[in-house]
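Naming: A, B, ... by sequence-line order, numbering from 1 per chain.
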Amino acid sequence: MKQELLITVNGDEHHLLVDTRRTLLDVLRDDLGLTGTKNGCGAGECGACTVLLDGEPVNSCLTLAHEAAGRDVLTIEGLSSGGVLHPVQQAFVSQGAIQCGFCTPGMVMTTKALLDRNPDPTREEILAGLRGNLCRCTGYVKIVEAVEVAQCLLAEEELV
Amino acid sequence: MSTCIIGKGLPRVDAVPKVTGAAQYTVDLKMPGLLVGKILRSPHAHARIKSIDTSAAEQLKGVLAVITAKDVPDGLFSFYQWLADKNILCGETVRYIGDEVAAVAAVDDDTAEEAVSLIKVDYELLPAVFDVHAALEPGAPLVHDDKESNSTWSVERLFGDPDKALAECDFVVEGTYVTHAQAHTCLETSNCIAKWDEKDRLTIWTNAQAPHTQRQEVARILGIPRRNVRVINSYMGGGFGSKLVMDVKLPIASVLSRLTGRPVRIVNTRSEEFTTGKTRYPYTMSLKTGAMKDGRIVVRDLTVIGDAGAYHDKGPATINFSSMMFGTLYDVPNIRFQAQMVYTNKEMGTAFRGFGNPQLTFATESQLDELAHKMGIDPLDLRLRNSNCSMGTTSCGAEICGCAMTECMEAASEAIEWSQKKARPSDGTLRGVGLANMVHTGGGGRFYGYNSAEAFIKLSDEGTVTLITSALDMGQGSHTTMAQIAAEELGVSLSDINVLSHDTELTPYDLGSWGSRATFMDGNAVQAAARDARAALAEAAAEMLEADPADIVIEESKVWVKGSSEKHDLFEIVDHAVNAHGIPISGTGQFVDKLPEGYTIPTAFAKNIPCFSFGTQAVEVEVDPETGQVRVLRVVAAHETGTTINQTMSEGQIEGSIAQGIGFALMERLVRQEGKVQNDRFLDYKIPNIGDMPEIETILVESVGTKGPFGAKGIGEPGLVPTAPAIANAVFDAIGVRFHELPITRDMVLEALKETR
Amino acid sequence: MKPFEYKRPSSLEEACTMLAAQDGRVKALAGGTDLLVQMKQGGLELDALVSLRDVPGLDALHLEEDGSLIMGSATPLGAIENSPDVRRAFPGIAEAASFVGSMQVRSRATVGGNLCNAAPSADTAPILIACGSTAVITDGQADRTVLLEDFFSGPGQTVLGPGELLRAIVVPPVPETGFAKYCKSFRSAMDCCTVGVAVYSDFVPGSAVVRDLRLALGAVAPTPIRARAAEAMLVGQELDEALTDRASLEAVADALPISDLRASAAYRKVLVEVLSRRALTAARAWAERGAVA
């Protein structure tokens, strides 16, 4: 059963006809071609599909597309602007927090949400904030470092 | 040696596309007319297929093809073709829950799923066997009824006289150690697209660690010429061994594509990945270690029963490799290794980071602590007394060139404050420290009867260097490593280099990214190619600058004549050479790992390994006496790199390995009931998440004597090998209980604590 | 997934009418973090989903003048966890909410969804039961209330009838002499609870004498339950170490755990004792610190 869906993704408005069963992840990847958001499990257990819905981090695999109607979605493709990486992205690059990269978009979006909400998290708060994002490559050491560096970069940006 | 690029913790060359979402993985590819393929899998652990009715599925709107065994070539497949035992689709017998029975191609996911559910299969149930010991009983159900028994592969290695040594040594410990099935859980599940073109050539896009050998495997099973198969990789979401041997979804997608004339994609669901994606081989190991009063280990005697699952896949190769590592660690003069792989009606095993060595090292390094305990000496001292040393050949024939095992032990034990912590009086908390050593290959192996690699480089007038290598990057960072080696050798910057490794049409034949071999093997080929290109550049520059090629200096993207102060931009020279003089600048390089004298595959044993890598991990744990929860507080990992090519990435390899090692030690096990996997999702199959990780200190120990590029050796696997025994040893130190089985779970610990009270 | 109708009513009345139709093959969709998994992987087939997204008032979260807490059933757990009011007046509830899943899950998952899915392991149930919460149920026309401890009727089952909806949870005010805490056991840093124990205790001012106490257990019975024998042992007594130990052991008597992937029944019983002791010890420490006064 298809229904009309009006949705804003990375600032672009889209008017689509979407089956009621489709998740936000399906629409992003299949209808809009935004394949930066990954499907790692389809059950909200790995975090690879994390996007921001009206600024809140959500598992797009567990969000029906029509539940996002009329809302603002930010995906990894919308994070950097004009070829300049977002400070969270810069930190992941500089700290070597990326290996295979499949979890990276979700990690980055979750980190952004975490730091938006709490610009000065403790180590404990970082661990709690990212516990829904699995990574099988890095052992997380450099991911924690990247979040801490991003925290500093964002704080510096605030000062400017 | 002074280097500009080698040794630096430079960001990965693929970091930006990965962090912006631009990197396209196979699962992200789109193409016109793409169909969705889905596989109907056996719900039974062992059954005969009486009939299959596909008519309802065929009639469903949107279904373009439905195939069963009669539609696919009936040959059998395995990694070693002479041990072939697996059909593309089962025609007569299914041998595990998940075995492939039929497949469909449809216009979308939901239609394909519905079509699969409409296929009716009539099964006659057969008795099944799930446990290796039961499978070895006389009269046990045969997993393959054309074979005489379920024992399917055996290895025996003997060096010295173990019986005599066991009779004569001062101390002997023995025990049985058990490990279970661990899943790779790559974040990107296994997937492929198959498409035939008008020239009858098959292209497969897939996430493969070894595209060239998979290309051969696809051709072999489909019965088509190799030249008609092309394998293309994209960015890969992890490998860890799981994507080394061809999965039958490749030929299945190929047949579906052939029938429909359209590209067909098959993607594992996460549940399929857990239940059919293959696992680490479970081992049951009975081990004896004997030592003299002075601490010399004189004998080791091991019997392994490996659980193959329903098919061979990498089982024989895995157990063979285990024997080589067993023979090499500590250079024990009297060695016996007896092993067999046993069929059971379960998901098969395959290669998994460490390749049989983490299981083995759990046994050997746990038992070494038991021996130290029995002898009343410090486990660190016992290890120091038996440390492998540089240069020379061990009793089993392993040629050790470059070994820093002692340095690794010293660095790790110092960083964990070993002697202070061992001497620490009890303060009521159940804390303990433990350590374990390891040896692993640092350069793949000569198991195919050869070990070689090739690379090509071209310098372009527009100012780029294209490096064509087969060092496939599944996430471990080999593109960056190769680019660093080429940049260093060529005297250009890292950002000048584009690495291509993704297409069998383009890249030289190669055995693939496994066995910690890419840095050592492909790195050597890349270095040779870069040298060749550099010589071509020097010659062109010499002609232009009217100098002797020997006097041309190339450094940091500049070219000049020795003694002259006039420095030219390197790419201006290239531009000039190409566009004004018509001199192309390129290079090729090969690295052929020379076989030792008298090498034959059956007798080579540890002579298969071109380069060994040693390391030590020391861990501190705390045990909650009320809940039995083991918490790893800190891991110090000292590993040899030979020469570190990229500090950050080498640390990353070790840190990621340790996470998998902690999972292996404390969390991860596929749980089955009557052969059915119960924990087929991340909710129930726990892998470490960010909150489960301890503090990790990585110490990269450089050592000399290796023939790798700039003296480097592979670091992809070693970090996982000693983690589990180091944790088990630390748990023993904390609570005085020795665990012989992994994973060490909360209830096991609690039960054991109850018994000691 | 089989096709289903997606409906998005804009009033309670409309929502309840939709929920009453279709022979029970219809469910309310709040955050969807459990429901979608059941539909994608658990074989749950429905004819329709009724989205609560646009129903006004269901995500209300506020403190009443008397200090009680009203949580609309569709309030996301993240909003509860981060609400300054909840953190100040009901820290135990804020903490229990933070234990559920991940930050992403809690952006979507709602308190009503956590309760209506009626998993025995639901993290919010024990603490809300211990705090004496009430479930406000509506049929679109009128409300009825039940004590939350009576809301569950079995694994995945509640007392909600066709066309009924959980509208809100009301948590009575915690007096200055009252303390509430939830203790959870898990295998890894993100996990369903293996066992959860929540305590609410009201003390005689200036002492550790228990005036009123509820001890609620999760994941050890078909529904979240109260450990009544242990409660009876504690009320009116001074909570000291020996009594804590005895009551914790007694709590095990009410537990009827099963063995599953997360733990064996025997291990769960051990955890009931351990976590009860930890919860009661925290309450005792709070009372002894003079937090009551």
Review point. CD of C/E241: more than 12 outside heavy atoms within 6.0 angstrom?
Key: no
Practice item. Against chain C, label B/E113 side chain, backbone, both or neither, depending on which of its atoms sit under 4.5 Å from a heavy atom there. Key: side chain
Practice item. Counting only heavy atoms closer than 4.5 Å, note whether B/R681 contacts chain C via side chain, backbone, both or neither. Key: side chain
Check your understanding: Is any side-chain heavy atom of C/R277 closer than 4.5 Å to a side-chain heavy atom of B/E626?
Key -> yes
Check your understanding: Which heavy atom in C/M190 sits nearest to a heavy atom in B/N689, and how many Å separate them?
Key -> N-ND2, 3.0 Å
Review point. Looking at C/A189 and B/G691, what are the two nearest heavy atoms and their distance?
Key: CB-CA, 3.7 Å
Review point. Which one of B/T269, B/I690, B/T627, B/D110 has the most heavy-atom pairs closer than 4.5 Å to chain C?
Key: B/T627
Check your understanding: Got C/S185 and B/R746 here, is their nearest side-chain heavy-atom distance under 4.5 Å?
Key -> yes
**Study point:** Under 3.5 Å donor-acceptor, B/D692 side chain and C/S188 backbone
**Key:** no
Exercise for review: Select one option (side chain, backbone, both, neither) describing which atoms of B/D680 are under 4.5 Å from chain C's heavy atoms.
Suggested key: neither
Practice item. Please flag which part of B/L683 lies under 4.5 Å from any non-hydrogen atom of chain C: side chain, backbone, both or neither. Key: both
Point to revise | Residues of residues 255-270 of chain C near chain B, each having a heavy atom less than 4.5 Å away | key: C/L261, C/R262, C/A263, C/S264, C/Y267, C/V270
Practice item. Verify whether one side chain among C/R187 and B/T745 offers a donor that lies under 3.5 Å from an acceptor in the other. Key: no
**Study point:** Test: C/K2 and B/E114 ion pair at under 4.0 Å
**Key:** no
Check your understanding: When only heavy atoms count and the cut-off is under 4.5 Å, which of residues 35-43 of chain C reach chain B?
Key -> C/V37, C/Q41
